[in-house]
Amino acid sequence: MKRIAAIVGRDIRSGIRDWLIVYLSIAPFIIALILRSLIPGVGDSLLSVVVLDQNPLVSSLEQVARVELVSDLESLEQRVLRMDDVFGIVYTRGAYELVVQGNESEHSLGMLETLMARLTNPSSSVPVDIQFSDLGWEMSPLKLYGGIMLMLFTTVFGGMFIVLNLVDEKMHKTLRALNVSPLSRVELVIGKGMLGFLLPLVGCLGAAWIMGFSGIHLGMFFVTLLSIATISIIIGFSIGVMNDEPISAVASMKMVMLPVLLSVFGAMYLADNWHWVLFWSPFYWAYLSMNGILLQQADWFLVLRNSGFILGLTVLVFMGLRKKIVNGLE
Amino acid sequence: MIEKESSRGTEKKGENMISVENLSHYYTQNQVFAVKNVSFQVEKGEIFGFLGPSGAGKSTTQGVLTGLLPLQQGRVRVAGHDLSHPKRTMFNKIGVSFEQSNVYGKLTARENLDFYAKLFDVPTMKTMDLLEMVGLDKVADKKAGTFSKGMKHRLTFVRSMINKPEMWFLDEPTTGLDPAIGSQIKDIIRQENEKGATVFLTTHNMQVADELCDRVAFIIDGEIKLIDSPRNLKLQFGQQMVVVDHLVQGQRKTEQFSLIMDEDKTRLNQLIQTGQIQMMHTKEATLEEIFIKVTGRGLE
Ligand SMILES: Nc1ncnc2c1ncn2[C@@H]1O[C@H](COP(=O)(O)OP(=O)(O)OP(=O)(O)O)[C@@H](O)[C@H]1O
Ligand SMILES: [Mg+2]
């Protein structure tokens, strides 16, 4: 335990002096921030509403919310359907109807309801009739696919961290010094794998938070991340021990990105009856889980089944590479 | 060896720190037997020199003895552990310094040692004491990546003694160091040996071996040609060297002749009869000369 901590501590210390590793660690946050700025409304705390331009309450609303005006009901609905948190307010038959999409945060909705009650009924004597019309639950494709890709790549980059770290040790022959100390092989593997495991976890959580995926099921999210992290780490170890210098290691790592991209784009664009061509790829199953989780539609059955596939494929990869990994650590 | 052995007391006598029987090692990559059927023992408390030219198989032997290379053929025991069933805990008693220095360039000298110390279960030496021993205390907080080759080598060297090893493997500890630092390193090795460390010293520097070693093994092409103390070797071969200063066309020339090699004897005879000899004396051979004589090969 003490030795594993020593290895991890050393890796951190050495890592923060290496711009590439620092960059790899903060990249998910930066990308999440960029994506967030591209997705309208994500994480916007100000209440946004869209109303028809004849609405008598426009001036009062403008004092407390961002108000957009549209000319007809159809464009109001369309505006609500865009990927951000915008509520539509329609005045019909003496009542206010709230037009919502379903993905708006409950917090904003509650706020709006209170607000509307106040605005329409300052004396509290006239009852307010609030209706909801749910126009369907949809998420911005940029947010969804950007989110999935970011999660998958962040985890794969955890493997990259291990690669760079091991290649550095091999290049400077420092592994040999570890091999003539009481540090056991298992401690070495755990110690060297630890950051490749923890960094993506932190990165994905942070990215999910930044991008506003706050309602996702954390348990399922973790289970899925853990299973992708496992395969990324094994890939990381095998590339790390097979290469003695960073250039060739990065080249091999690029080759790994290919199946990841292939699986994600395949899953996005292939017709359902063609999905079987991707069944070999653990990243395909990871994609399915992540897709469900971010949309908040996944259940434990789906997540555990997909993780099972991922781990099964991982075991196969590991069996194939075990000898190389163990020999390479010598 | 005889003198040193007696001065160190009797309790250590006969106990082997290293015992190697019929060790062979084969590299599949280039299909060479780097070590062939080698057998030797290193007694507790001894400084054992492993001498040979480049490519003789010294580092390979040390690699097997330190568990870095797999034991393929033969029986090897080190510090009471059978290397066919190596245990990680044995490294608490072992220190290994490498021919090529290997320290973390992004860590400072101090951090390198502090980190390594944490890997051991036994009490370790103080980082600053170690750095001071090899004159690295002033650069303790500089990154090792900025060090010169010699500084890295010294850092690798002191790192190997951090756990106060009973069995200390040193691969070329003084190579590439300037003479002053080289002799500092020799002093450290001697001191640690006096405190009880057994030393397995690999080198192709005969002078270092001569000064430090209780016994030396001559290894060439993966085979041990001879094992004895430098003193015995000199007694055996040393008196039989004759140095002759003579004039050749008015120029002074110095030549050495062995009294056991026939062609040397003939040549010396000729010189005595026909040459203009100025001075003639016998000389104790250096270990290097003995090596050449025994193996028929130089050390480079
Ligand atoms: N990793 C390796 N793979 C293949 N062959 C090797 C390897 N290491 C050493 N050899 C070969 O084994 C033989 C012995 O090498 P070794 O390094 O043990 O010699 P050495 O006595 O330590 O030499 P030096 O004085 O140069 O350090 C040489 O022929 C060398 O080419
Ligand atoms: Mg060598």
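Just so you know, these numbers come straight off a predicted model, no measurement behind them. Quick note on labels: first sequence line is chain A, next is B, and so on, each numbered from 1. Values below: every heavy atom of this structure, side chains too, minus hydrogens, waters and symmetry copies.
Shown here for B:Lys118 and A:Ala6, the closest heavy-atom pair between the two residues is CB-CB, 3.8 Å. Between A:Ala177 and B:Arg159, the closest heavy-atom pair is CB-NH2, 3.4 Å. In terms of heavy atoms, A:Val180 sits closest to B:Phe91 at O-CD2, 3.3 Å. For the pair A:Asn179 and B:Arg88, the tightest heavy-atom approach, listed with the atom from each and the gap, is O-NH2, 2.9 Å. Looking at every heavy atom in both residues, A:Lys2 comes nearest to B:Phe120 through NZ-O, 2.6 Å. B:Asn92 approaches A:Pro182 most closely through the heavy-atom pair OD1-CG, 3.0 Å.
The backbone N or O of B:Leu68 sits nowhere less than 3.5 Å from a side-chain atom of A:Arg176 that would complete a donor-acceptor pair. A donor-acceptor pair under 3.5 Å links the side-chain atoms of B:Asn102 to the main chain of A:Lys173, judged by distance alone.
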One pair to check against salt bridge (Lys or Arg N to Asp or Glu O under 4.0 Å): A:Arg3 and B:Asp121. What are the steps and the verdict? CA-CA 9 Å; A:Arg3 283 189 273 267; B:Asp121 306 308; 2.7 Å; yes
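Of the inter-residue distances, the one linking B:Leu119 atom CG with A:Leu188 atom CG reads 10.0 Å to the nearest 0.5 angstrom. Separating the CD1 atom in B:Ile94 from the OG atom in A:Ser181 is a distance of 11.5 Å, to the nearest 0.5 Å.
Annotation: side chain of A:His172 is not in contact with side chain of B:Val103 (no heavy-atom distance under 4.5 Å).
With a 4.5 angstrom heavy-atom cutoff, B:Tyr116 touches chain A only via side-chain atoms. Contact annotation for B:Lys143: only side-chain heavy atoms (C-beta onward) come within less than 4.5 Å of a heavy atom of chain A. Within the 4.5 angstrom heavy-atom criterion, no atom of A:Glu187 approaches chain B. For chain A, the nearby parts of B:Tyr104 are the backbone and the side chain; heavy atoms of each come within less than 4.5 Å.
Around atom OH of A:Tyr23, no more than 12 heavy atoms belonging to other residues, nucleotides or ligands sit under 6.0 Å away. For CH2 of A:Trp209, the number of neighbouring non-hydrogen atoms (other residues, nucleotides, ligands) closer than 6.0 Å is 12 at most.
For A:Arg17 and B:Glu111, the salt-bridge test passes: some basic side-chain N is under 4.0 Å from an acidic carboxylate O.
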